[in-house]
Amino acid sequence: MKEINVTGQKRTDLGKKASKLLRKEGLVPCNLYGEEKVDGKPVSLAFAVPMTELRKVVYTPHIYVVALNIDGKKHDAVLKELQFHPVTDALLHVDFYEINEEKPLTIGIPVKLNGLAQGVRDGGRMNLNVRKIEVRAPYQNIPEHLDIDVTQLGLGKSIKVGELNFEGLEIVTSKEVVVCTVKMTRQAMSAASAAEAEEEAAPEE
């Protein structure tokens with residue numbers, strides 16, 4: 001995965017009022033979760049990041065290792081959860097998860113469909129049902145995207161997660177989830193009907 005740098009500062013006031021004031025200043029409240037636990041519950045590091053810094057991480061189809069610099073201390077992390085305002089879609093809060101070389105990471109990887117499907121050549125339309133597939137692997141093995149060859153996919157056919165296999169990655173998403181489908185269009189149905197009519201009208205030898 002590519003790496004991107006984000007600089008933040010620790011925050012000590014954790015209430016709703018304090019978070020609201022941070023947002024007015026153009027900062028977004030964040031938490032960093034890692035291995036540390038107290039009474040079985042994960043301990044978080046509270047910090048804030050300028051929205052201008054987070055924009056390059058949040059509003060992108062790519063995935064990154066985020067090199068967080070919090071008051072001069074570096075933490076390698078990935079995005080864990082984003083919280084948006086239900087009406088304005090403004091970014092309200094971000095959770096990060098700290099990564100290390102030993103422990104496998106679970107993360108959603110963008111799907112990339114390669115090739116022109118046979119069903120599309122026959123007049124169908126390709127539908128991408130899921131944009132990301134959850135996988136588990138050491139973060140060094142995490143690719144930027146998952147390549148799926150759709151060349152042989154015919155009209156009305158689908159590819160499910162259970163049909164996929166990627167070396168070095170354990171797929172976490174349910175096997176029954178449909179990744180993509182070539183849907184029948186009116187054009188394809190008309191072409192199929194015309195072909196059937198021609199076949200029926202052809203004189204018998």
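Fair warning: this is a prediction, and the values are worked out from it, not measured in the lab.
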TODO: Go through the structure and list residues passing side-chain contact (heavy atoms from CB on, under 4.5 Å) with L164, not counting sequence neighbours.
DONE: I133, I148, I159, F166, I171, V179
- [ ] Could you go through the side chain to side chain contact (heavy atoms under 4.5 Å, CB included) check for V6 and V57 one step at a time?
- [x] CA-CA 9 Å; V6 170; V57 181; 3.7 Å; yes
Mind checking whether [X] and [Y] have side chains closer than 4.5 Å, heavy atoms only?
{"X": "F96", "Y": "K80", "value": "no"}
{"X": "P143", "Y": "L169", "value": "yes"}
{"X": "H93", "Y": "D95", "value": "yes"}
{"X": "M126", "Y": "V150", "value": "yes"}
{"X": "F47", "Y": "V94", "value": "no"}
{"X": "L155", "Y": "K183", "value": "no"}
{"X": "S174", "Y": "V161", "value": "no"}
{"X": "P138", "Y": "K103", "value": "no"}

- [ ] Return yes if some donor-acceptor pair links the side-chain N/O of S44 with the main-chain N/O of A46 below 3.5 Å, else return no.
- [x] no
Open item on the list: Check whether R23 reaches the backbone of L92 with its side chain - one donor and one acceptor, N or O, closer than 3.5 Å.
Closed with: yes
Is it the case that one hydrophobic cluster holds both [X] and [Y], taking links as side-chain heavy atoms less than 4.5 Å apart, direct or via other members?
{"X": "V28", "Y": "Y97", "value": "no"}
{"X": "L128", "Y": "L146", "value": "yes"}
{"X": "I107", "Y": "V130", "value": "yes"}
{"X": "F84", "Y": "V49", "value": "yes"}
{"X": "L32", "Y": "L91", "value": "yes"}

Please name the pair of heavy atoms, one in [X] and one in [Y], separated by the smallest distance, quoted to 0.1 Å.
{"X": "V182", "Y": "G154", "answer": "CB-O, 3.4 Å"}
{"X": "A67", "Y": "E3", "answer": "CB-OE2, 3.6 Å"}
{"X": "P110", "Y": "P61", "answer": "CG-O, 3.3 Å"}
{"X": "I99", "Y": "A77", "answer": "CG1-N, 4.1 Å"}

Quick check for you: to the nearest 0.5 Å, what is the distance between [X] atom [atom1] and [Y] atom [atom2]?
{"X": "C180", "Y": "L153", "atom1": "SG", "atom2": "CG", "result": "5.5 Å"}
{"X": "H62", "Y": "K2", "atom1": "NE2", "atom2": "NZ", "result": "6.0 Å"}
{"X": "I142", "Y": "L105", "atom1": "CD1", "atom2": "CG", "result": "5.5 Å"}

- [ ] Sort and list the pairs that fulfil salt bridge (charged side-chain N to carboxylate O under 4.0 Å, His left out) and have at least one residue in residues 54-73, not counting sequence neighbours.
- [x] E53-K56
- [ ] Apply the test side chain to side chain contact (heavy atoms under 4.5 Å, CB included) to residues N129 and N127: give CA-CA distance (whole Å), side-chain angles for both, the deciding distance (0.1 Å), then the verdict.
- [x] CA-CA 6 Å; N129 298 64; N127 272 27; 4.3 Å; yes
Open item on the list: Can you list everything that forms a side-chain hydrogen bond (donor to acceptor under 3.5 Å, both in side chains) with R11? Sequence neighbours excluded, please.
Closed with: N31
Open item on the list: Could you work out, with side-chain hydrogen bond (donor to acceptor under 3.5 Å, both in side chains) as the rule, every residue matching N69, not counting sequence neighbours?
Closed with: none
Open item on the list: Tell me which pairs pass side chain to side chain donor-acceptor pair (under 3.5 Å) where either residue lies in residues 146-161, with sequence neighbours left out.
Closed with: N114-D147, H145-D147, D149-T151, S158-T181, K160-E176
TODO: Can you tell me which residue pairs pass the side chain to side chain donor-acceptor pair (under 3.5 Å) test with a partner in residues 131-143, sequence neighbours excluded?
DONE: T106-R136, R136-E170
- [ ] Mind running side chain to side chain contact (heavy atoms under 4.5 Å, CB included) on V135 and V172 for me, showing each step along the way?
- [x] CA-CA 5 Å; V135 303; V172 177; 5.5 Å; no
